There are 2 protein chains.
Amino acid sequence: MARTQGSHSDITGPRIRKAALALFARHGYAAVSMRQIAFEVGVQAGALYNYTPDKQSLLYRLMHEHMQDLLSAYDELEQSADASQALRQFVGFHIRFHLERPDEVFIAYMELRNLTPENFSEIEALRRKYEDTLEAILSRGQEGGVFDIADTKIATLAVIAMLNGVMTWYRAGGRLSLDEVEQVYWDIVRRSVSA
Amino acid sequence: MARTQGSHSDITGPRIRKAALALFARHGYAAVSMRQIAFEVGVQAGALYNYTPDKQSLLYRLMHEHMQDLLSAYDELEQSADASQALRQFVGFHIRFHLERPDEVFIAYMELRNLTPENFSEIEALRRKYEDTLEAILSRGQEGGVFDIADTKIATLAVIAMLNGVMTWYRAGGRLSLDEVEQVYWDIVRRSVSA
DNA sequence: GTTCTATCTGAACAAACGTTCAGATACGGT
DNA sequence: ACCGTATCTGAACGTTTGTTCAGATAGAAC
C-alpha cells in the first residue's frame, strides 16, 4: 500500500504548484478544476487546501513568483554602461529567460484578467517595473545619440511585444538554434532603434 | 408586457454573438456561462440553442468570421507593386483593422486553446494565410534588394507580434492619435527590415 | 379570423464546480 | 511503546454548469 497519509510532505506544495502551472498553461485558469490539479498530484481535492487558501491564490502565487524571478534574474546581470551593449544584453536575456519558462510566461500574461483587482495591481506593477528597465536603456541611448527613437515608451512596448512573439513559434530542436534566434532578433531590434 | 415570444427575431442571432463576443473578451470563454450571455440578450438560456448547436460553435463562429473579415478586407486593398510601399500599407492596415475590433482580436488569439482540434486547425490555417501575405511582401523586397532580412519567416512573425502589441496599450483619445501610432510603428518596422 | 410555425419560456437533468470538515493515518519526537 | 500532530481521505454542502424539451405565445400567411 502506498503511503497516503500522515507523512509531512514537504514536496506536496511544490508538486501542486507545478501541476497547476502546467494545467493552467494548457487549458486556462478558468477551465481547470481543483480536482484535476489534485489528480495530477495524486491526492484528493481537499488536500490542496493545506497549501493554498483558495484557487485564486494559487494562480496569484504562480504569477508573483514568476515576476519576482524575472526581476531578480535581470538584476543579477551586470549591465553594460554602453546603451547598445545593454540593449543587446536585454534582448538575449529576455529571449532566454522566457523560453526557459514557457508555462509561466503564458500564464503571466494570459490570466491577468482572472486575478482579483488587488492581485492584478500587484502583478501589473511588477511588469511595469520590468518594462521600465528596458525603457531606461532606450532613453539612455537616445540621450547619448546612439539611438534614434521617436517615442521611447512605444519603442519599449514594441520591442517587448516583438520578443514575446518568439514564444509562439520557437521549439527546441527546430530549424533555428537559440543562438541563431537571439542573433536574428538582435539584428531586427538593433536596426529598429539605431541612429 | 414586453414582447417575449413568437416573433421571429432576425436580430436575436446577431445580438447573441455580440453579447458572447463582449463577454468572452472580458472574462474569457471558459469563465462565461450560457446564462450570462442569455441574460445580456434578455432571453432565457434555452433560447440560445435556436442559434448555436453548442457553446463551442459560438466561439468558433466568432473567430472564423473575424479571420474571414481580416483576409477579405486585406484582399480588397490594391497592393502596391513596390515592396516598401506594400509594407507600409500592411502596417497601416493591420494597426487600424485590429484597433477597430479589439474584442475579436483578443478572442481570436486568447481562446485558441478552447477550440476543438478540428476547429483549431481551421482557424490556424486562416491565420497562417494572413501571415503569408506579409511574408510575401518581405520576400519580394528581399529579392528586389530593398530589404535586408536575415530570415523572412521570423521577420514576419516579429513584425506581426510587434504590431499586435499596439492593442495592449492604445486607447482612443490617449496621448497619441491613430496617425501618430501608425507613423511611429512604420518607422520602427521600416528600419528593422531596410537594406 | 383562423391556422401555422418559428421562437421563447421555464423547468428539469446529470455532472462538475470550489470549498469545508470530521475522522483516519502515519511519521517525528520522546 | 506511546503520543502528538501534520497530512490526507472521503463525503458532503450548496451552486453553477451546458444542454434538452414539452408547452406557451405571438406574428405571418391565407
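Computed from a predicted model, the values in this text were never measured in an experiment. Proteins get letters first, then strands, A, B, ... in listed order; numbering begins at 1 in each.
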Any donor-acceptor pair under 3.5 Å linking the side-chain atoms of [Y] with those of [X]?
{"X": "T156(B)", "Y": "E131(B)", "result": "no"}
{"X": "Y170(A)", "Y": "H98(A)", "result": "no"}
{"X": "Q56(A)", "Y": "N119(A)", "result": "yes"}
{"X": "D75(B)", "Y": "S72(B)", "result": "no"}

Next item on the list: State whether R140(A) and D82(A) are salt-bridged, where the test is any N-O pair (Lys NZ or Arg NE/NH1/NH2 against Asp/Glu carboxylate O) under 4.0 Å.
Entry: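 Judged by the 4.0 Å cut-off on N to carboxylate O distance, R140(A) and D82(A) do not form a salt bridge.
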Check: Under a 4.0 Å N-O cut-off, is there an ion pair linking R191(A) with D148(B)?
Finding: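 Yes, this pair counts.
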Could you tell me how far apart [X] ([atom1]) and [N] ([atom2]) are, to the nearest whole angstrom?
{"X": "L48(A)", "N": "dC8(D)", "atom1": "CG", "atom2": "P", "answer": "10 Å"}
{"X": "Y49(B)", "N": "dC21(D)", "atom1": "OH", "atom2": "P", "answer": "13 Å"}
{"X": "N50(A)", "N": "dT25(C)", "atom1": "CG", "atom2": "P", "answer": "17 Å"}
{"X": "I37(A)", "N": "dT19(C)", "atom1": "CD1", "atom2": "C1'", "answer": "13 Å"}
{"X": "I11(B)", "N": "dC8(C)", "atom1": "CD1", "atom2": "P", "answer": "9 Å"}
{"X": "F39(B)", "N": "dC8(C)", "atom1": "CZ", "atom2": "P", "answer": "17 Å"}
{"X": "N114(A)", "N": "dG18(C)", "atom1": "CG", "atom2": "C1'", "answer": "15 Å"}
{"X": "Y51(B)", "N": "dT7(C)", "atom1": "OH", "atom2": "C1'", "answer": "6 Å"}

Checklist line | Minimum-distance nucleotide to Q44(B) side chain [options: dT20(C), dT19(D), dG10(C)] | finding: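 Side chain of Q44(B) sits closest to dG10(C).
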Checklist line | Which nucleotide in dT9(C), dT20(C), dT19(D) has an atom nearest any side-chain atom of A45(B) | finding: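 My answer, after comparing the listed nucleotides, is dT19(D).
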Next item on the list: For G42(B) and for G46(A), find the nucleotide of DNA chain C with the closest heavy atom, then tell me which residue's nucleotide is more 5'.
Entry: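 Checking each residue's closest nucleotide, the 5'-ward one belongs to G42(B).
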Notebook entry, point to check: Is any side-chain heavy atom of Y130(A) closer than 4.5 Å to a side-chain heavy atom of H94(A)?
Noted result: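 Touching, per the 4.5 Å side-chain cut-off.
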Margin query: Can you see if the side chain of T12(B) gets near the phosphate of dC8(C) - specifically, an N or O under 4.0 Å from OP1 or OP2?
Written below: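 For dC8(C), OP1/OP2 do have a side-chain N/O of T12(B) under 4.0 Å.
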Enumerate the protein-to-nucleotides 14-17 of chain D contacts in which both atoms are nitrogen or oxygen and the separation is below 3.5 Å.
| unit_1 | atom_1 | unit_2 | atom_2 | d |
| --- | --- | --- | --- | --- |
| dT17(D) | OP1 | S33(B) | OG | 3.3 |

